[in-house]
Amino acid sequence: MATLVRHDANASCIAAVNSSQEELMASSSGGAFSILARAALNRNGVVYGHAYVAPTKVKCVRIDNAADLHRLRGSKYVQSEMGAIMRDVLADLRAKREVVFSGTPCQVAGLKSFLAARGASTDRLLLIDIVCHGVPSPEFFADCMDWEFHGDSLSELRFRDKSEGWGCVGAAFVTLGSNHDSMSRKRALSPKTSYYYTRFLAGDVYRESCYRCPYAGGKRPGDITLGDFWGIDHAATGLNPKQGISLVIANTAKGELALRTVKNASQWAERPLDEAVAGNDQLRHPTTRTAERDRILADWKARGIAALESDFRRETAWERRAWLAKRVVKKLLKGVPSR
């Protein structure tokens, strides 16, 4: 089993906001991952992260060019396929390349075990584990998205889109019309309108193992832990929360060095670890297994996704209409000059 790292009260913990406005706005949180990844790429290193390879399919991929970094940004909120990526990491390390690997704690721990079993040197490897709530199955995800966007050609999903500020509102980009006469349109992706997003945030469609995750809490397999710094004392930090704030925790000596890299390219503030833990349940314990989980998944298998989606729309009709109406009003107000 991979060696785990337990946080102590003195673990280095910062809140960070990427100094690059472009990278910050393209990131789900405060853009700390982009800083670490770009630094390695600038040193001829390689970066492994997770990207959409199809509108509803996510895989772990390797990049060696900063032009491809955009593929790895953003929250995917579904299980990612690893494929043969661990062998690729091993090959890069044996070729003396600097490697950054980012993933869920279980993916990071799995990679550590794989490399240890093969006697690989990890001196050039930086491991980043994310604060993970849990992951639903790719089949459930694809089924929901196919239904929610039926009639449109889904081209891109962003579960967290900052055009409306830092939060949970996302965006889906769809193509309408034929190949010869098509147009792109942006649709809101919100827990108020999406059955899948609602179920994800409720935590009742995750893999069974997610509810017993040994890495949710003080034990982390990565050199660095990254997440959103929810619940931060904004006034004390002087950081603007509107466009996202990253939580960055150094778990190892290598992580401490990486922390310096983040500081050099961001606005940042030292914060007590207790504050980070208070705002992120998954730094205390795994997501609680709900009583609804078995019923929902059994319903999905027995009745199909159309029945579940229809039930959701009927039960949330008023709430969805109210949320959509508020968005229309906000957009109209933005177009009115201030007086």
Side-chain angles (χ1 to χ4, degrees), residues 26-28 49-61 70-83 103-104 130 132-164 167-179 182-208 210 287 290 292-293 295-317 319-321 323-324 327:
S27 304
S28 294
H50 304 271
Y52 285 105
V53 295
T56 60
K57 185 174 183 179
V58 178
K59 291 184 68 175
C60 187
V61 300
H70 68 95
R71 299 180 61 202
L72 309 188
R73 296 189 183 108
S75 302
K76 308 306 190 294
Y77 291 165
V78 68
Q79 183 177 339
S80 174
E81 181 182 318
M82 288 290 287
T104 61
I130 63 170
C132 176
H133 294 257
V135 291
S137 77
E139 294 79 13
F140 184 77
F141 172 62
D143 228 5
C144 287
M145 294 299 101
D146 287 347
W147 197 94
E148 291 178 22
F149 296 99
H150 64 275
D152 293 335
S153 177
L154 181 62
S155 56
E156 182 184 356
L157 281 171
R158 294 180 193 165
F159 278 97
R160 308 271 296 284
D161 181 71
K162 288 183 180 172
S163 59
E164 298 183 34
C168 288
V169 176
F173 295 82
V174 298
T175 302
L176 309 177
S178 66
N179 292 334
S182 63
M183 60 179 289
S184 294
R185 184 161 63 94
K186 181 179 178 181
R187 286 176 50 179
L189 184 67
S190 163
K192 301 293 186 183
T193 59
S194 167
Y195 176 70
Y196 180 83
Y197 211 162
T198 298
R199 297 276 63 84
F200 176 85
L201 293 182
D204 51 23
V205 289
Y206 297 161
R207 296 183 309 169
E208 190 65 49
C210 295
T287 295
T290 70
E292 287 288 281
R293 182 183 183 275
R295 182 193 64 78
I296 290 169
L297 296 183
D299 260 8
W300 171 46
K301 295 296 185 183
R303 302 169 60 211
I305 199 63
L308 274 65
E309 292 274 7
S310 296
D311 289 348
F312 170 75
R313 274 154 180 69
R314 184 176 62 256
E315 293 162 3
T316 61
E319 188 178 9
R320 285 188 300 109
R321 289 193 200 102
W323 184 81
L324 290 168
R327 289 189 80 244

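As the structure is a prediction and not an experimental result, all values here were calculated from the model.
Formation of a donor-acceptor pair under 3.5 Å by the Thr316 side chain with backbone atoms of Phe312 is found in this model. Ser75 places no side-chain N or O within 3.5 Å of a backbone atom of Tyr77 that could act as its donor or acceptor partner. Under the 3.5 Å distance criterion, the side-chain polar atoms of Arg199 are left unmatched by any main-chain donor or acceptor of Asp204. Of the possible donor and acceptor atoms, none in the side chain of Ser80 sits under 3.5 Å from a partner among the backbone N and O of His50. Judged purely by atom type and a 3.5 angstrom limit, Glu319 has no side-chain atom pairing as donor or acceptor with the backbone of Lys192. Arg158 contributes no side-chain N or O that, together with a main-chain N or O of Gly74, makes up a donor-acceptor pair within less than 3.5 Å. For Ser310 (side chain) and Ala307 (main-chain N/O), no donor-acceptor pair under 3.5 Å exists by modelled atom type.
You'll find the side chain of His133 stays beyond 4.5 Å of the side chain of Leu201, heavy atoms only. Two residues are said to be in side-chain contact when any heavy atoms from C-beta on lie closer than 4.5 Å; Val135 and Cys210 meet this criterion. No side-chain heavy atom of Glu81 sits under 4.5 Å from any side-chain heavy atom of Pro138. The shortest distance between side-chain heavy atoms of Tyr196 and Leu189 does not fall below 4.5 Å. Using a 4.5 Å cut-off on side-chain heavy atoms (C-beta onward), Lys59 and Met82 make no contact. Contact of the Glu148 side chain with the Ser194 side chain is registered, since non-hydrogen atoms from C-beta on lie closer than 4.5 Å. In this structure the side chain of Val78 never reaches within 4.5 angstrom of the side chain of Phe140, judged on heavy atoms. You'll find the side chain of Val53 stays beyond 4.5 Å of the side chain of Val58, heavy atoms only.
Distance check: Ile305 CD1 to Met145 CE gives 9.0 Å after rounding to the nearest 0.5 Å. Considering OH of Tyr197 and OG of Ser190, their distance stands at 7.5 Å, rounded to 0.5 Å. Residue Asp143 holds its CG atom at 9.0 Å from CD of Glu309, rounded to the nearest 0.5 Å. Residue Asp311 holds its CG atom at 8.0 Å from OH of Tyr195, rounded to the nearest 0.5 Å. To the nearest 0.5 Å, atoms CD (Glu315) and OG1 (Thr198) are separated by 11.0 Å.
Of all heavy-atom pairs between Leu157 and Pro55, the closest is CD1-O, 3.7 Å. Taking both residues in full, the closest heavy atoms of Ala51 and Leu72 are given as CB-CD2, 4.2 Å, listed atom of the first, atom of the second, then distance. Scanning both residues, Thr104 and Ile130, for their nearest heavy atoms gives CA-CG1, 3.9 Å.
Take Glu139 and apply the salt bridge (charged side-chain N to carboxylate O under 4.0 Å, His left out) test, not counting sequence neighbours, and it matches no residue. Among residues two or more places apart in sequence or in another chain, the salt bridge (charged side-chain N to carboxylate O under 4.0 Å, His left out) test is passed with Lys76 by none.
A centroid separation of 6.0 Å or more is found between the aromatic rings of Phe200 and Phe141.
Side chains of Gln79 and Ser137: no donor on one and acceptor on the other come within 3.5 Å.
When the shell of 6.0 Å around CZ of Arg321 is examined, it contains 12 or fewer heavy atoms from other residues, nucleotides or ligands.
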